[in-house]
There are 2 protein chains.
Amino acid sequence: MPRTAQYDRQAALQAAIALFWRRGYYATSLKDIERELDMRPGSLYSAFGSKQGLFVEALDAYTATMADDVQNHIAASGGVLSGVMAYLRWLLLGQKCPALAATPACMVVKTLLESTGDEDPLRGKATELLRRVELGFTAALEQAKSAGELRPDVDCERLARLLQTQVMGVRSFAQSGASERQLKQLLEDIEQVFLSYRQAH
Amino acid sequence: MPRTAQYDRQAALQAAIALFWRRGYYATSLKDIERELDMRPGSLYSAFGSKQGLFVEALDAYTATMADDVQNHIAASGGVLSGVMAYLRWLLLGQKCPALAATPACMVVKTLLESTGDEDPLRGKATELLRRVELGFTAALEQAKSAGELRPDVDCERLARLLQTQVMGVRSFAQSGASERQLKQLLEDIEQVFLSYRQAH
DNA sequence: AACATACTTGAGCAATCACTCAAAAAAACG
DNA sequence: CGTTTTTTTGAGTGATTGCTCAAGTATGTT
């Protein structure tokens with residue numbers, strides 16, 4: 001009996017991701033959102049509740065996509081460390097140029113850094129998601145250690161944090177407009193960081 | 001004959017740094033600024049021109065202070081790489097707890113990441129300042145190479161970018177609420193990164 | 001076709017945004 | 001003390017903020 005919704009929720013979320021990723025939370029107005037998602041306030045608020053609700057949902061979806069991308073590169077590459085490096089190369093050097101080249105920095109990190117204090121719910125959400133990614137890294141590293149890719153004495157939780165720090169660092173650095181050649185060198189240098197964690201054969 | 005200004009420009013700038021560092025540019029309102037700097041609109045606008053003018057001046061002052069801190073630690077530590085590590089330890093583990101522990105992330109990086117696009121003047125300013133810091137690193141590394149601290153084949157510009165990436169990474173990671181123990185381990189691990197660049201004796 | 005049940009629309013809400021400016025106040029001179 | 005010069009004040013600018021809601025519109029069922 002009811003009328004079916006006109007908009008595509010997933011498409012709207014993708015548009016929201018692109019918009020918030022580029023402009024951040026506080027600098028994005030509802031006018032921007034209405035224009036970019038092609039939705040009017042009534043539809044927006046019945047679908048997502050509030051600007052913050054939409055943002056959180058977009059951030060969750062972004063993180064899920066990112067985690068998938070990382071896992072796919074790990075699987076395709078065979079090793080965890082080489083997989084993450086492959087992911088970074090794909091992300092920063094790939095032909096995803098137009099959209100991503102402008103915003104190589106991680107949306108979660110952007111959110112963490114634009115949060116206004118400890119009480120800001122955005123900070124809580126961002127740290128929660130970072131912790132989730134970190135746990136994913138840890139699990140993948142544990143598995144790699146069992147498979148003999150890593151030295152048996154490696155502390156996987158610790159290495160996961162180093163790994164995450166590297167990813168946060170390069171992606172932020174890439175935002176400052178480095179050339180492709182500089183990024184390539186940087187990724188090489190970072191790859192060296194992980195050399196000592198590998199199991200010698 | 002004229003009336004002398006009541007406010008202290010340097011004190012006002014310090015307050016602006018603290019405020020913008022914590023809350024970012026877009027999420028900070030003029031009401032916040034009036035309260036925190038204890039200045040009314042007229043004084044603010046005669047002194048700094050605009051919200052953006054005040055922000056840029058604060059960001060410049062922040063960067064100058066940060067560069068001083070780094071240089072001091074390099075001088076006190078004897079080596080460039082050990083100096084930067086000492087700076088990070090002082091920044092992230094020192095007793096600067098209350099104010100800084102809440103905002104370990106670099107204000108310039110926060111600005112870079114909260115900028116809304118390539119046309120955003122904030123992004124230009126942030127990249128310019130990062131470039132300046134990078135050049136400072138390069139110069140210090142060149143000097144260190146001449147002094148025999150670094151291997152003669154080290155590409156100093158390249159190492160400077162790696163160094164900056166590490167600093168950006170840890171400081172951002174620290175914002176996500178890591179424990180002191182985790183930070184300590186992370187700094188140890190990062191120190192290992194630079195080991196291979198040192199000149200053997 | 002007529003009804004019921006949504007969804008979409010856009011005008012409009014109070015609050016806040018960055019900012020202006022005329023008037024009041026205060027210092028340095030005579 | 002009075003004059004001059006500058007700063008400080010705070011009410012007020014139009015525009016925009018996130019958001020609401022009644023009216024209009026479209027769909028699926030009977």
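Within every chain, numbering begins at 1; the chains are lettered A, B, ... in the order of the sequence lines, protein sequences first and strands thereafter. This one's a predicted model, so the numbers in the text were calculated from it and none came from an experiment. The analysis underlying the following values was restricted to heavy atoms, covering all of them including side chains, and did not include hydrogens, waters or symmetry mates.
Residues satisfying the salt bridge (Lys or Arg N to Asp or Glu O under 4.0 Å) criterion with Glu34(A), sequence neighbours excluded, are absent altogether. Annotation: salt bridge (Lys or Arg N to Asp or Glu O under 4.0 Å) contacts of Glu188(B) (sequence neighbours excluded): Arg158(A). Scanning for side chain to side chain donor-acceptor pair (under 3.5 Å) contacts around Ser196(B) gives an empty result, with sequence neighbours left out. By the salt bridge (Lys or Arg N to Asp or Glu O under 4.0 Å) test, Asp118(B) pairs with Arg123(B), sequence neighbours left out. Residues meeting the salt bridge (Lys or Arg N to Asp or Glu O under 4.0 Å) test with Asp153(A), sequence neighbours left out: Arg151(A). Residues passing the side chain to side chain contact (heavy atoms under 4.5 Å, CB included) test with Ser82(A) are Ser77(A), Arg198(A), sequence neighbours excluded.
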* **Under 4.0 Å protein heavy-atom contacts per nucleotide of nucleotides 9-22 of chain D, with B for base, S for backbone only and - for none** => BB------SBBBB-

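The stretch residues 137-147 of chain B participates, sequence neighbours left out, in no side-chain hydrogen bond (donor to acceptor under 3.5 Å, both in side chains) pair at all.
Checking Leu19(A), Leu30(A), Thr28(A), Leu13(A) one by one against Leu54(A), the side-chain contact (heavy atoms from CB on, under 4.5 Å) holds for a single residue, Leu13(A).
Inter-axis angle, ends of the helix from dA1(C)-dT30(D) to dG30(C)-dC1(D), five pairs per end, rounded to 10 degrees: 0°.
Taking atom CZ of residue Phe48(B) and atom P of nucleotide dT20(C), one finds them 16 Å apart after rounding to whole Å.
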